[in-house]
Each structure stands twice: as C-alpha cells, then as structure tokens.
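Read the numbers this way: they start at 1 and go in the same order the structure lists the ligands and their atoms.
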Amino acid sequence: MRIAMIGTGYVGLVSGACFADFGHQVCCVDTDTAKIDGLNAGRMPIWEPGLEALVKANADRGRLTFTTDLPGGVEGAEAVFIAVGTPARRGDGHADLSFVFQAVRELAKVVKPGTVVVTKSTVPVGTGDEIERILGEEGVTGVSVASNPEFLREGAAIADFKHPDRIVVGAEEERAREVLREIYRPLFLNRAPILFTGRRTAELTKYAANAFLAVKISFINEIANLCEAVDADVQDVARGIGLDNRIGPKFLHAGPGYGGSCFPKDTLALLQTADTAGVDQRIVRTTVAVNDDRKASMAARVAEALGGELGGKRIAVLGLAFKPNTDDMREAPSIPLIEGLLERGAEVSAFDPVAREQAERVLNGIEFAPDAYSAAADADALVIVTEWDEFRAIDLEALAKAMRGKVLVDLRNVYDREEAAEAGLAYYGVGRGRRRTTA
Ligand code: NAD
C-alpha cells in the first residue's frame, strides 16, 4: 500500500517507520523543515529506543521518505493518516484541532477520489464528521474518512505498534475498512485483535482508555496517601489487588502524579466533550483535580523530609522526563516539583539521561549535571522523580558520600528503606508506611 503520514512526531514517525517495515511505501510529511531536513540526513528528532535503526533500515530500502511538500507526499497514497498534535487549548482544555483542520484543508486541494483519510491523532468525538464536512466544503468527493486511534506508549513505541493489544478502526464505509485491514494485515496475521466500530465510537474509545488509566493512577496515589497515614505499604497493596485478574497489575504504581503528552490533555478534552453533551463525568473530573493537587504537592513533600524549610538547601533531582525511556517533557511532574523547590528558596541541580535538551527549554534557574553523582554533590536531599533503569543500579553509598545531607526522597519507590539505610540515607518513599523515618 502507498501511505502518507501527515505529522512526523512521536506517533507519526513511529507509525510511518513501522508501516514501512511491514512493507508499505510510506511518505512522512511535516511542516517543520528542521525536523524533515534532520530526518533526511539520518538525525532523529526524538529519543525513542530502536527508532533510529528502524528509520534508517526502511529509508535505505527506499520505503520510507520524508518531505515538507504535502501535495508531493500524498500523491498516489491510498491512505492518508493524520498524526499531527492535538494539544489542550489554552483556557478551556478543549482539544486544539487547528493543526488537524489545517492539514485537512491542505490535503483537500490535492486528495484524489478513492483515498481513505484516517485520523491517528487523538481527536474528540465528531472530528471525523467535521473533516468530512470540510472536505465537502472544499469540493472533495469520493474520499472516505476513518478513525484509527493510536495506543502506543513512548519509550516502548515500536514494540507497542508491532504487538498491539488491539487495533481500533472506526469507519462508516466498507472501502475504509478494507484499506485499513490491508494496511494492518501483518499484525492481523500475528493475531492482533482488530476491532471495527463506528467512527464516533473509535474516537471516544481512545479517550475512555486514557481516562481509565489516569483514574487507575490517581486511585493508587490516593491509596498511597492512606498508607502513609495508617502505616501500610502501597507496594504490597498494589500487588495484592493487581494479582486479581479483574484489576490487573499495571498502572498501579504510586508516584508523583501522571504527566506526559496524553493523559493530562485527553482527560481535559473528555471533560469538554462531556460538558458539550451535557453529561457529567464526575470520576474523570475528580481524577484531574486529584492529579493536579498531587503534582503541586511534591515540593512540600521534599520540604517536609528536610524538616519544613528549603531556603538555602541544595536539592538534587534525578530524572526529568515524564517517564523513563523518553525525552518528552510535556506535563512532566518534574516541572511543578522543581518550580516549587525554587519558590521555596532551594537550589536545584538535576540530571536526566536523555531529556536535558528538552528540559532546558522548560526549566529555568537550575543547574544541569552530567550524571547522577555530580548532581548529588553537596546536595542536602536527593529526589528520584523518573525511574530510569540506570537509577536502579546506582551506587547509593557513593551518592550518599557526595551529598552534604542524607535525605533520599524516592517518588517512584525504586529503593527500599533498608537499602537506603545501609548507605546512610534517611528514606522517604511514596505510600510506604509512615512518612517520617530516620536512617
Ligand atoms: P508531536 O507534537 O510529537 O508531533 C506532531 C507533528 O505534527 C509535529 O512534528 C508538527 O510539526 C506536525 N504538524 C503540525 N501541523 C502540521 C501540518 N499541518 N502538516 C504537517 N505536519 C504538521 O505529537 P505526537 O506526540 O506525535 O502526537 C500526535 C497525536 O497522536 C496527538 O493527537 C496525540 O494525542 C496522539 N497520541 C500520542 C501518543 C504519544 O505517546 N505521544 C500516543 C498515542 C496518541
């Protein structure tokens, strides 16, 4: 199949590279000239495990190309995917669809009858209808519009794309279903479940999935608070409930609150859809509030571990990306944490294995260290914010020696209290018994 991918970000680039790897002919289009020039020169715009090799292999085979020229990129394509960003609109939290509609208007000038236009971006219910309306307004006929929301996770994007739990295709016409069935045939042969639904249902399914995962995270974070009050261990509670098949073990890790480019904006967008429809979604609304409060409270947690005052204290922060194995800083919990530390008068030195460049764009007034040990030098407290694997293998004793104080605030429960105590550190985890402990 010939495929055009409009939008070459985390989703567009991974999807485009994987489709090319399935044997399709893919052209990735983006308005960002620097990004496309970089890709044409073999430079990845994002950090994602395995992506560089996959892109290079398929570009070398001539199956994956990159361009800023939309008309040229979509020429001859049987399917045109839209994978541009849909960030939260400032002020009301509605999904900002301006990039989607701009792409559709550009596309309308050149798209041929018989083409299937597929939204891979996460878009609110009814966006497919609106795309159809815009195409009609521009005089386009014979084009089918489908929804194929993407569920990949950054950090494991290629594996997720190639071994998805399911593929959701929302379409109103057989032609669209046929084309998407053909595109995903290699996965279908691998027994990946493909769920065909109506277009509006597919659009909503993506929001419902992300909202549900956000609820799970906020639920365990509230249980962690209760554990701290009643001297119970949230790690064991999570395991105890997660082994129940009806609940499942994933997304039950207590921590500093969820961030990233999806959950925060998608929960807000779902609430906007619900408002417009006049149907309250109390659980999601509460989840958003619980998570906002949680992220905002992390600096106070660090202050508490240091006896309440942060003025003149030096804090080392390990991990800045919103989760491990990505350089994505969008809505990362490290941002409100660090801002809160600075507001309280602390100095911050931070280290992240890959997100430094992205972090420098959004964090001001802090030092960026080249490794964890340099970050810890002379620190009064060390805070683990992102659970990169390399932090699991750190030499805690060496870290403790480099520090001035001896406080470890482990917001991801990477370490045990005993291990920390052996290194001479007072340990403050999340939801692991009473908060105050001594080394
Ligand atoms: P991104 O910001 O990384 O990439 C979007 C790209 O679209 C950018 O490179 C931008 O330059 C380009 N773009 C914008 N307008 C354009 C236009 N008119 N023509 C061509 N290119 C244009 O975003 P992302 O993280 O890849 O997310 C894309 C969509 O996928 C969003 O709706 C998001 O919610 C959804 N999604 C993201 C993830 C994820 O993990 N990042 C997972 C599932 C779904």
J.: So, is Tyr10 polar-close to ligand 1, with some N/O to N/O distance under 3.5 Å?
T.: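 N/O-N/O distance under 3.5 Å: yes.
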J.: Heavy-atom contacts with Lys265 under 4.0 Å: which atoms of ligand 1 show up? List them by number with element.
T.: 33 (C), 34 (O)
J.: Tell me whether Asp129 is salt-bridged to Arg133, with the criterion being a basic N under 4.0 Å from an acidic carboxylate O.
T.: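 A salt bridge is absent here (no side-chain N lies under 4.0 Å from a carboxylate O).
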J.: Counting only heavy atoms, which portion of Ser121 has something under 4.0 Å from ligand 1: side chain, backbone, both, or neither?
T.: both
J.: Should the pair Arg105-Glu138 be classified as a salt bridge under the 4.0 Å nitrogen-to-oxygen rule?
T.: yes
J.: I'd like to check whether Lys120 has a polar contact with ligand 1, where a contact means an N/O of the residue lying under 3.5 Å from an N/O of the ligand.
T.: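 For ligand 1, there is no N or O atom that lies under 3.5 Å from one belonging to Lys120.
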J.: Given side chain to side chain donor-acceptor pair (under 3.5 Å), test Asp69 with Thr67 step by step and report yes or no.
T.: CA-CA 5 Å; Asp69 167 30; Thr67 184; 4.7 Å; no
J.: Going by the closest heavy atom to atom 11 (O) of ligand 1, which one wins out of Leu13, Asp30, Ile6, Asp160?
T.: Asp30
J.: Does Arg239 come within less than 4.0 Å of Asp236, counting only side-chain N to carboxylate O?
T.: no
J.: Does any N/O atom on Asp32 come nearer than 3.5 Å to any N/O atom on ligand 1?
T.: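 No; every N/O pair is 3.5 Å or more apart.
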J.: Counting heavy atoms only, which part of Cys262 comes closer than 4.0 Å to ligand 1: side chain, backbone, both or neither?
T.: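 The side chain, only.
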J.: Would you please classify the geometry between the Trp47 ring and the Trp388 ring as parallel, tilted or perpendicular, with 30° and 60° separating the classes?
T.: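 If you compare the ring of Trp388 with that of Trp47, the planes turn out perpendicular.
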J.: Are Phe391 and Tyr415, when compared by the centres of their aromatic rings, separated by less than 6.0 Å?
T.: no
J.: If you measure from each non-hydrogen atom of Lys206 to ligand 1, which part falls under 4.0 Å: side chain, backbone, both or neither?
T.: side chain
J.: Tell me: protein heavy atom nearest atom 36 (N) of ligand 1, and distance?
T.: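 That would be Val11 CG2, 3.4 Å.
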J.: Measure the distance from atom 15 (N) of ligand 1 to every protein heavy atom, then report the residue, atom name and distance (to 0.1 Å) of the closest one.
T.: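 Answer for atom 15 (N) of ligand 1: Phe99 CD2, 3.5 Å.
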J.: Heavy-atom distances under 4.0 Å decide this one: backbone, side chain, both or neither, for Glu106 against ligand 1?
T.: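 Answer for Glu106: neither.
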J.: Taking non-hydrogen atoms only, is Arg330 closer than 4.0 angstrom to ligand 1 via side chain, backbone, both or neither?
T.: side chain
J.: Tell me if the aromatic rings of Phe212 and Phe263 count as close, with their centers under 6.0 Å from one another.
T.: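 No: the rings miss the under 6.0 Å criterion.
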J.: Regarding atom 29 (C) of ligand 1: of the candidates Val84, Thr86, Leu70, which has the closest heavy atom?
T.: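 Answer by nearest heavy atom: Val84.
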J.: Does Arg181 qualify as a cation-pi partner of Phe188, given the criterion of NZ or CZ under 6.0 Å from the six-membered ring centre and within 45 degrees of its axis?
T.: no
J.: For the pair Asp416 and Arg432, find out whether any cationic side-chain nitrogen is under 4.0 Å from an anionic carboxylate oxygen.
T.: yes
J.: Specify the closest pair of heavy atoms between Glu150 and Ser15, including all atoms of both residues, with the distance to one decimal.
T.: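 The answer is OE1-OG, 4.3 Å.
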J.: I need the nearest protein heavy-atom contact for atom 42 (C) of ligand 1: residue, atom name and distance, please.
T.: Leu152 O, 3.5 Å
J.: Taking the minimum heavy-atom distance to atom 44 (C) of ligand 1, which of Gln102, Glu48, Lys323, Glu150 ranks first?
T.: Glu150
J.: Tell me which protein heavy atom sits closest to atom 5 (C) of ligand 1, plus the residue, atom name and distance to 0.1 Å.
T.: Gly85 N, 3.5 Å
J.: Check this for me, if you would: do Glu203 and Arg200 make a salt bridge, where the nitrogen-to-carboxylate-oxygen distance has to be below 4.0 angstrom?
T.: no
J.: What are the atoms of ligand 1, with element, lying closer than 4.0 Å to any heavy atom of Lys35?
T.: 8 (C), 9 (O)
J.: Can you report which non-hydrogen protein atom sits closest to atom 4 (O) of ligand 1, along with the distance?
T.: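 For atom 4 (O) of ligand 1, the nearest protein heavy atom is Gly9 CA, 3.2 Å.
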